[in-house]
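Right, one structure below, let's go through it.
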Protein chains: 2
Amino acid sequence: MSTEPVRRGTGRARIIEAATELFLSQGYAGTTTRDIAARAGIRQPSLYAHFKVKADILLEVLAQPIRASVETSAALIEDAGLSAVERLGRLVEFDVKLLCDGPNLAHLGYLPDVRAEQIDAELDAQHRDLRRAYEVLVEGALKEAGRPVEDARGISDVVLTLVEGVILRRIVDPGVTGEQLAPLLRDAVLTLVR
Amino acid sequence: MSTEPVRRGTGRARIIEAATELFLSQGYAGTTTRDIAARAGIRQPSLYAHFKVKADILLEVLAQPIRASVETSAALIEDAGLSAVERLGRLVEFDVKLLCDGPNLAHLGYLPDVRAEQIDAELDAQHRDLRRAYEVLVEGALKEAGRPVEDARGISDVVLTLVEGVILRRIVDPGVTGEQLAPLLRDAVLTLVR
DNA sequence: GTCTATATAATGATAGAC
DNA sequence: GTCTATCATTATATAGAC
């Protein structure tokens, strides 16, 4: 493990940044408060001036990625100027790029030791929203293609599984980029609703 | 966490079974040797009559799922009596069912605290084999469809991402079954190579 | 808000009897 | 192979000075 202090940010933000990197590389239970403090450039007890317990750091780390995704996907879904097919394609591209670029934050929500902290209520709610978004767009795309909407549920399942797969993809293939993967998955999804 | 001892198996096998369940529900670092022993129905020091260190238990747990997958996929690929399309469809179905049924062992190989143990060489080799298998079959299927084989790499990427997605799918949707998901993903994949 | 010092508990692992 | 007893280390968290 690197013990080099992170350079940017101050105080609380620096702790969050350090904890994020460490949770992703070592897991939650596998990361000690000393690890976090060392990387944030402070002593271990100083963490407790910002957080009451270790789990509170995890809460804040998990709270980071929520907003951007939900808001943008909501905006995409309701853009009446575009066809459902176009909106579906853009949502896939957006999500894949979000999952590929930056730290693999989405992966944290799937870790056993994170789920064992029983803070998954909000994460699961997010997941339901995303699932619903894909269902709506797939249904719209199928209508545009003159296909029966009964297929929407199954195809949404496939699309969701595909997008989710990106999270694990990055772990084995760290070189993967949203730039290359996003158009690939978008085209694949559009083939399914054509 | 349930501390109820597992009932089946004896000695070493019972320990592996207990450790598997616990690693999946709490992660590796989040599971103590006392947890494992309690679930196996023995005392903590008794573990060390079977394993030298904790990481050796993890090694054995990870060694479990390797064989069946690799052997069956190899047999599927080389079955000359079937078309490439049929073989591709069967491989997808086989892998999805394998990933859906039984404990989610594949997920363990993606956990940060497991990868931090630096035992991923064999796991990554497996992954490369699977990737290669899909490339070969996708290429064959594209030939049969009269499409350019240059598309094979990209489509294999999509297929692999889709199959891998099943691993995370189970975590948020514990009710998902291979029976329902396998045909869905198979049909989706076959649509992509048609 | 950060520090040093420390309390308290849990951890992986060993020794040696049976 | 399992047990009891225990060690050495490391963990989270607190107390109190600056």
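The sequence lines fix the lettering, A, B, ..., with proteins before strands; numbering per chain opens at 1. Keep in mind the model is a prediction, meaning the values are calculated, not measured. Note: hydrogens, waters and symmetry copies are ignored here, and every other heavy atom, side chains too, is used.
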* Test Tyr134(B) against Asp157(B) for side chain to side chain contact (heavy atoms under 4.5 Å, CB included), laying out the working first. => CA-CA 9 Å; Tyr134(B) 276 118; Asp157(B) 260 359; over 6 Å; no
* With the 4.5 Å side-chain cut-off for hydrophobic clustering, are Ile167(A) and Leu123(B) part of the same group? -> no
* Asked: Among the clusters formed by ILVMFWY side chains lying less than 4.5 Å apart, do Leu82(A) and Leu91(A) turn up in the same one?
  -> no
Write down the distance between [atom1] ([X]) and [atom2] ([N]), rounded to a whole number of angstrom.
X	N	atom1	atom2	result
Ile36(B)	dG12(C)	CD1	P	8 Å
Phe51(A)	dT2(C)	CZ	P	11 Å
Asp113(A)	dT11(C)	CG	P	14 Å
Ile57(B)	dT11(C)	CD1	C1'	14 Å
Arg43(A)	dC3(C)	CZ	P	6 Å
Arg12(A)	dT2(C)	CZ	P	12 Å
Leu22(A)	dA11(D)	CG	C1'	16 Å

* Think Ser46(A) has a side-chain N or O under 4.0 angstrom from the OP1 or OP2 of dC3(C)? -> yes
* Which nucleotides of DNA chain C pair, in dot-bracket form (Watson-Crick or G-U under 3.5 Å, | meaning another strand) -> |||||||.||||||||||
* Asked: Pick the nucleotide of DNA chain C nearest each of Ala29(B) and His50(A); which residue has the one closer to the 5' end?
  -> His50(A)
* Side chain of Ala49(B) only, please: which of dT2(D), dT4(C), dG1(C) is the nearest? => dT2(D)
* To do: Start with the C-alpha gap between Glu60(A) and Arg12(A), add the side-chain angles, then the distance that decides, and say whether side chain to side chain contact (heavy atoms under 4.5 Å, CB included) holds.
  => CA-CA 10 Å; Glu60(A) 199 121 332; Arg12(A) 194 180 179 92; 3.0 Å; yes
* To do: Using atom types as modelled and distance alone, determine if a side-chain donor or acceptor of Arg34(A) lies under 3.5 Å from a backbone N or O of Gln44(A).
  => no
* Do other residues, nucleotides or ligands put more than 12 heavy atoms under 6.0 Å from the CD atom of Gln180(B)? -> yes
* To do: Kindly indicate, with the supporting measurements, whether the criterion side chain to side chain contact (heavy atoms under 4.5 Å, CB included) is fulfilled by Leu111(A) and Tyr28(A).
  => CA-CA 8 Å; Leu111(A) 300 183; Tyr28(A) 170 70; 5.8 Å; no
What's touching nucleotides 13-18 of chain D from the protein side, N or O pairs under 3.5 Å?
{"from": "dA13(D)", "atom 1": "OP2", "to": "Tyr48(A)", "atom 2": "OH", "distance (Å)": "2.9"}
{"from": "dA13(D)", "atom 1": "OP2", "to": "Lys54(A)", "atom 2": "N", "distance (Å)": "2.8"}
{"from": "dA13(D)", "atom 1": "N7", "to": "Gln44(A)", "atom 2": "NE2", "distance (Å)": "2.9"}
{"from": "dA13(D)", "atom 1": "N6", "to": "Gln44(A)", "atom 2": "OE1", "distance (Å)": "3.1"}

* Applying the side chain to side chain contact (heavy atoms under 4.5 Å, CB included) test to Val172(B), which of Arg131(A), His127(A), Arg128(A) qualifies? -> His127(A)
* Can you list every pair that meets ring pair (Phe, Tyr, Trp, His ring centres under 6.0 Å) and has a residue in residues 87-117 of chain B, with sequence neighbours left out? -> none
* To do: For Thr32(A), answer base if it contacts any base atom (sugar-phosphate contacts may also be present), sugar-phosphate if it contacts only those atoms, and nothing otherwise; contact means non-hydrogen atoms under 4.0 Å.
  => sugar-phosphate
